[in-house]
Amino acid sequence: EEGFTPSPTITTIMASYHKVSILHKEAIYVGTNILKVLLPKDLPTVTTRVSKYVVITDTDVHKLHYPILHQGLLDAGISLSNIYVYTVPVGEHTKSREQKAAIEDWMLDHSCNRDTCVLALGGGVVGDLAGFVAATYMRGLPFVQIPTTLLAMVDSSVGGKTAINTPKAKNVIGAFHQPIRIYIDLLFLQTLPKRQISNGMAEVIKTFAIRNEEMFAVVEESYDQVFSMSSSPSPSSSSSSSSSSHPEVVQKIIAECVKIKADIVTEDETENGLRSLLNFVHTVGHAIEAVCMDFTLHGECGA
């Protein structure tokens with residue numbers, strides 16, 4: 001299968017990764033080449049009772065990134081006959097009752113039982129939808145988040161919130177269902193347009209503004225390095241941009257942002273108090289997003 005070819009510069013720089021604890025378990029891994037190097041060794045250790053792996057992704061991400069995950073699953077010793085892939089259309093409208101039911105019917109057709117693990121490969125829409133399927137199918141299946149956008153890496157993939165939308169409300173029908181692993185691979189940032197990087201950075205800045213003054217200053221000094229991870233041209237810079245890619249700095253920014261959310265979730269998993277702090281600007285942002293969904297991104301609405 002064809003797919004995205006990572007920049008050799010970035011793939012050779014980073015060999016280490018950050019581990020972040022959530023709910024007293026080291027379940028979040030942040031680094032480069034996670035799917036190629038870490039997943040094949042780590043995933044089997046947390047899926048010892050799993051025989052089927054269902055990957056839920058969207059049509060765009062499937063073309064770009066599924067081949068890397070597919071090879072990682074094979075390298076983990078998983079038989080090709082035990083890997084199932086379901087692709088959904090791109091867009092917020094995919095988070096619907098109808099799409100959830102379609103996935104569940106497909107899983108029933110493929111005899112998926114309690115020995116199934118659901119893997120969400122994509123942005124927030126895919127993660128929310130796949131997570132809700134995992135939360136309710138057979139009364140709960142193990143679930144892995146593999147976020148491919150910066151916003152999903154630092155926000156929606158962490159904390160176990162899963163949901164769908166309805167014509168009457170956004171994200172009110174769902175469940176808290178914690179993923180057994182969250183694999184955050186910086187290589188995905190290379191395929192994001194600059195606008196999607198900005199979308200995620202709005203959440204990063206908000207999070208550090210709430211809880212980490214030191215990292216807020218780091219972002220102020222190194223935001224160009226985050227944007228340089230994207231291979232798409234920047235409209236605000238010349239072709240000979242002076243900024244260079246520093247994945248170790250970007251990895252630290254993402255890991256520290258994730259750690260803040262993970263620490264808050266550990267103290268208040270089901271949002272009975274402290275976790276509502278993370279909704280700072282989200283309430284107004286969601287209202288704007290409901291009206292402007294067709295042409296604005298989540299982070300832009302909050303910003």
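This structure is a prediction, so every number in the text was calculated from the model and none was measured. Quick note: residue numbers are just sequence positions, from 1.
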Determine, using the 4.5 Å side-chain heavy-atom cutoff (strictly less than), whether [X] and [Y] are members of one ILVMFWY cluster.
X	Y	answer
Val54	Val144	no
Leu151	Val90	no
Val218	Met201	yes
Val125	Ile164	no
Val61	Leu119	yes

Given [X], which partner from the list [options] fulfils the side chain to side chain contact (heavy atoms under 4.5 Å, CB included) test?
X	options	result
Thr116	Val50, Asn82, Thr47, Leu141	Leu141
Ile182	Ile22, Val20, Val258, Ile28	Ile28
Phe188	Ile34, Thr32, Thr149, Leu35	Leu35

Would you tabulate the side-chain donor-acceptor contacts of residues 97-109 under 3.5 Å, counting partners in other chains and residues two or more places apart, or write 'none'?
{"from": "Gln99", "atom 1": "NE2", "to": "Tyr86", "atom 2": "OH", "distance (Å)": "3.3"}
{"from": "Lys100", "atom 1": "NZ", "to": "Glu104", "atom 2": "OE2", "distance (Å)": "2.4"}
{"from": "Lys100", "atom 1": "NZ", "to": "Thr136", "atom 2": "OG1", "distance (Å)": "2.9"}
{"from": "Glu104", "atom 1": "OE2", "to": "Thr136", "atom 2": "OG1", "distance (Å)": "3.4"}

Please answer whether the main-chain N or O of [Y] pairs with a side-chain N or O of [X] as donor and acceptor at a distance below 3.5 Å.
X	Y	result
Ser157	Gln145	no
Thr166	Ala169	yes
Lys261	Asp155	yes
Thr48	Thr45	no
Ser230	Leu192	yes
Asp58	Val88	no
Tyr137	Cys112	yes

Under the side-chain contact (heavy atoms from CB on, under 4.5 Å) criterion, do His65 and Thr191 qualify, and how do the steps go?
CA-CA 9 Å; His65 300 305; Thr191 60; 3.1 Å; yes
Shortest non-hydrogen contact from [X] toward [Y]:
X	Y	answer
Pro40	Gly72	CG-O, 3.6 Å
Gly122	Ala152	O-CB, 4.4 Å
Tyr66	Leu121	CA-CD2, 3.8 Å
Phe143	Ala120	CE1-CB, 3.8 Å
Met215	Asn212	N-OD1, 2.9 Å
Pro179	Gly160	CD-CA, 4.2 Å

Tell me, do [X] and [Y] make a side-chain contact under 4.5 Å, heavy atoms counted?
X	Y	answer
Val226	Ile197	yes
Glu92	Lys170	yes
Ser198	Phe227	yes
Asp75	Lys41	no
Ile78	Ile83	yes
Glu271	Lys161	yes
Thr57	Ile146	no
Ile56	Val85	no

Please round to the nearest 0.5 Å and tell me the distance separating atom [atom1] of [X] and atom [atom2] of [Y].
X	Y	atom1	atom2	value
Leu38	Arg181	CG	CZ	8.0 Å
Thr162	Leu129	OG1	CG	9.5 Å
Asn165	Asp128	CG	CG	8.0 Å
Met153	Ile253	CE	CD1	13.0 Å
Leu274	Glu269	CG	CD	13.0 Å
Leu186	Gln251	CG	CD	6.0 Å

I'd like to know if Glu256 and Lys259 make a salt bridge, using a cut-off of under 4.0 Å between side-chain N and carboxylate O.
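Salt bridge between Glu256 and Lys259, a charged N being under 4.0 Å from a carboxylate O: no.
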Please determine if Lys52 and Asp115 form a salt bridge, counting it only when a charged side-chain N lies under 4.0 Å from a carboxylate O.
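Judged by the 4.0 Å cut-off on N to carboxylate O distance, Lys52 and Asp115 do not form a salt bridge.
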Please identify each residue that fulfils side chain to side chain contact (heavy atoms under 4.5 Å, CB included) with Ser81, with sequence neighbours left out.
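Partners of Ser81 by the side chain to side chain contact (heavy atoms under 4.5 Å, CB included) criterion, ordered by chain and then number, come out as Ser79.
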Tell me if the aromatic rings of Phe132 and His177 count as close, with their centers under 6.0 Å from one another.
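That pair fails the under 6.0 Å test.
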Any donor-acceptor N or O pair under 3.5 Å, side chains Asn33, Tyr17:
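Looking only at side-chain atoms, Tyr17 and Asn33 do not form any donor-acceptor pair under 3.5 Å.
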Applying side-chain contact (heavy atoms from CB on, under 4.5 Å) to Tyr29 and Leu39, what does each step give before you reach the verdict?
CA-CA 10 Å; Tyr29 294 85; Leu39 181 146; over 6 Å; no
Before you tell me yes or no, could you show the steps for Ile210 and Ile260 under side-chain contact (heavy atoms from CB on, under 4.5 Å), namely the whole-Å CA-CA distance, both residues' side-chain angles and the distance that decides it to 0.1 Å?
CA-CA 9 Å; Ile210 291 172; Ile260 290 173; 6.0 Å; no
Test log, rule side-chain contact (heavy atoms from CB on, under 4.5 Å), inputs Asn199 and Leu150:
CA-CA 8 Å; Asn199 189 39; Leu150 180 56; over 6 Å; no
